[in-house]
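Because only heavy atoms are used, hydrogens play no part in the values below, and waters and symmetry mates are left out as well, while side chains stay in.
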Amino acid sequence: MVPLLPGAEPFRHDGGEIGVLVCHGFTGSPQSVRPWADHLAARGLTVSLPLLPGHGTRWQDLAVTGWQDWYAEVDRELGRLSRACERVFVCGLSMGGALALRLAAQHGAAISGVAVVNPANRIHDPLAVALPVLRHLVPSVKGIVSDIAKPGARESGYDRMPLHAVHSMRRFYRVVDAELPQVTQPLLVLHSPQDHVVPPADSERILSQVSSRDVTERLLERSYHVATLDHDAEFIFEETDTFITRLTAGMGEDTTRTGLGKGSGKEGAAASG
């Protein structure tokens with residue numbers, strides 16, 4: 001067996017009646033969003049952070065998986081949380097954001113809200129159109145991990161991207177894009193103006209296509225793509241607290257038990273537009 005990369009272990013925490021599923025991104029691992037999950041767990045929530053198939057070991061393992069495998073893993077974890085909790089939220093970074101949005105589109109009222117950080121919606125490289133052929137000629141290309149502004153911060157992930165998996169991810173983004181109008185849940189979108197992996201256009205596209213009426217947009221001015229490990233990480237955590245607190249305020253004793261009875265008071269901070 002190939003050992004896991006540092007921090008790539010899946011994470012679960014049994015807390016109160018509010019559950020949160022956290023999804024990591026393509027070629028990354030739970031390490032990139034673990035501080036987010038730890039913060040939510042410390043607040044008393046029930047948290048699940050799975051390791052997506054093919055991730056957290058070596059890039060060759062990712063080459064034999066596809067979007068159906070990644071989505072099936074988070075879908076299973078959502079089912080587990082739904083059986084254990086009264087209310088469930090889904091969160092995600094990058095491709096993890098796309099996974100969260102598809103869960104919302106597919107499961108409707110079973111999900112109480114969605115929070116995404118620099119969510120991916122498409123592959124913008126002009127060479128992407130050649131992927132159906134190129135993936136059979138070129139096994140892998142340079143990786144995309146550790147796009148972080150904060151000195152010394154590192155993301156644990158692959159330094160290569162297998163093109164078979166990239167091709168599958170591109171097909172997945174098309175599926176998600178077509179389903180965005182089915183997303184009706186309250187939505188929190190946090191994105192970085194300076195992102196060298198996923199451009200702001202992806203967040204703009206998502207915001208324009210969803211059917212959610214309760215939408216909050218926040219800018220992460222000091223961070224690059226992996227903002228959950230960057231300068232704005234604490235801001236992301238506080239905004240997620242505020243979002244979940246507001247949406248679960250009517251749960252009374254259950255809300256108090258999860259530790260979310262008091263909001264962070266940051267609702268108006270760093271608002272865009």
Would R218 and F235 count as a cation-pi pair here, with the cationic atom under 6.0 angstrom from the ring centre and within 45° of the axis?
no

Side chains of I244 and I18, heavy atoms from C-beta outward: is any pair under 4.5 Å?
yes

In terms of side-chain geometry, is the basic nitrogen of R12 or E77 positioned less than 4.0 Å from the acidic oxygen of its partner?
yes

Can you tell me how far CG of L40 sits from CZ of F11, rounded to the nearest 0.5 angstrom?
9.0 Å

Applying side-chain contact (heavy atoms from CB on, under 4.5 Å) to Y224 and D195, what does each step give before you reach the verdict?
CA-CA 5 Å; Y224 295 161; D195 186 329; 5.9 Å; no

For R58, check side chain to side chain contact (heavy atoms under 4.5 Å, CB included) against everything at least two apart and list the hits.
V2, Q60, D61

Backbone N or O of A149 within a donor-acceptor pair of the D230 side chain at under 3.5 Å?
yes

I need the F243 CZ to L188 CG distance, nearest 0.5 Å.
5.5 Å

Taking the side chain from T228 and the backbone from S32, do they hold a donor-acceptor pair closer than 3.5 Å?
yes

Does atom CZ of R170 have more than 12 heavy-atom neighbours from other groups under 6.0 Å away?
yes

For L62, is there any backbone N or O sitting under 3.5 Å from a side-chain donor or acceptor partner on T65?
yes

With side-chain contact (heavy atoms from CB on, under 4.5 Å) as the test, would you mind laying out the steps for D159 and V145 before giving the verdict?
CA-CA 7 Å; D159 59 2; V145 296; 5.6 Å; no

How about M161 and K142: do any of their side-chain heavy atoms sit closer than 4.5 Å?
no

Give a yes or no answer on whether the side chain of S192 reaches the backbone of S223 with a donor-acceptor pair at less than 3.5 Å.
yes

Could you walk me through whether E217 and H191 pass the side chain to side chain donor-acceptor pair (under 3.5 Å) check?
CA-CA 8 Å; E217 182 183 11; H191 62 100; 2.7 Å; yes

So do R205 and D177 actually touch side chain to side chain, heavy atoms under 4.5 Å?
yes

Side-chain contact test, heavy atoms from C-beta onward, threshold under 4.5 Å: evaluate it for V117 versus V33 and give yes or no.
no

Report yes or no: does H164 contribute a side-chain atom to a donor-acceptor pair with the main-chain N or O of P139 at less than 3.5 Å?
no

To the closest 0.5 Å, what do you measure between CD1 (I123) and NE2 (H167)?
10.0 Å

Taking side-chain hydrogen bond (donor to acceptor under 3.5 Å, both in side chains) as the definition, give me every residue that meets it alongside T46, ordered by chain and number, with sequence neighbours left out.
none

Within the 3.5 Å criterion, strictly below it, is a donor on W59 or T27 matched to an acceptor on the partner's side chain?
no

Check the pair W36, T240 against side-chain contact (heavy atoms from CB on, under 4.5 Å), reporting the backbone distance first and the verdict last.
CA-CA 9 Å; W36 199 6; T240 308; 3.1 Å; yes

Indicate yes or no: at least one non-hydrogen side-chain atom of C91 is less than 4.5 angstrom from one of V20.
yes

Counting N and O atoms only, with roles assigned by atom type, does the side chain of Q185 sit under 3.5 Å from a partner on the main chain of A109, one being a donor and the other an acceptor?
no

Evaluate the criterion side chain to side chain donor-acceptor pair (under 3.5 Å) for residue pair R87 and S112; output intermediate values, then yes/no.
CA-CA 6 Å; R87 303 279 291 277; S112 296; 2.8 Å; yes

Rounded to the nearest 0.5 Å, how far does CZ of R122 lie from CZ of F172?
14.5 Å

Is any side-chain heavy atom of C23 less than 4.5 Å from a side-chain heavy atom of L21?
yes

Salt-bridge present (R102, E179; N to O < 4.0 Å)
yes

Test item: side-chain donor near acceptor, S29 and Y158, under 3.5 Å
no

Using only atom types and a distance under 3.5 Å, with no angle test, would you say the side chain of S168 pairs donor to acceptor with the backbone of W67?
yes

Any ion pair linking D232 and R222 (charged N to carboxylate O, less than 4.0 Å)?
yes

Taking atom OH of Y71 and atom CG of L99, what is their separation to the nearest 0.5 Å?
8.5 Å

Any non-hydrogen side-chain atom of R246 less than 4.5 Å from a side-chain atom of D214?
yes

Measure centre to centre between the rings of H225 and H196, then say whether the value is under 6.0 Å.
no

Check whether any side-chain heavy atom of V88 lies under 4.5 Å from a side-chain heavy atom of H107, and answer yes or no.
no

On the 0 to 90° scale, with breaks at 30° and 60°, tag the F26-H55 ring pair as parallel, tilted or perpendicular.
perpendicular

Apply salt bridge (charged side-chain N to carboxylate O under 4.0 Å, His left out) to D202 and list each qualifying residue two or more places apart in sequence or on a separate chain.
none

Interatomic distance, OG1@T245 vs CD@E238, rounded to 0.5 Å, equals 11.5 Å

Indicate yes or no for a side-chain donor-acceptor contact from E155 to the backbone of Q31 under 3.5 Å, with no hydrogens or angles considered.
no

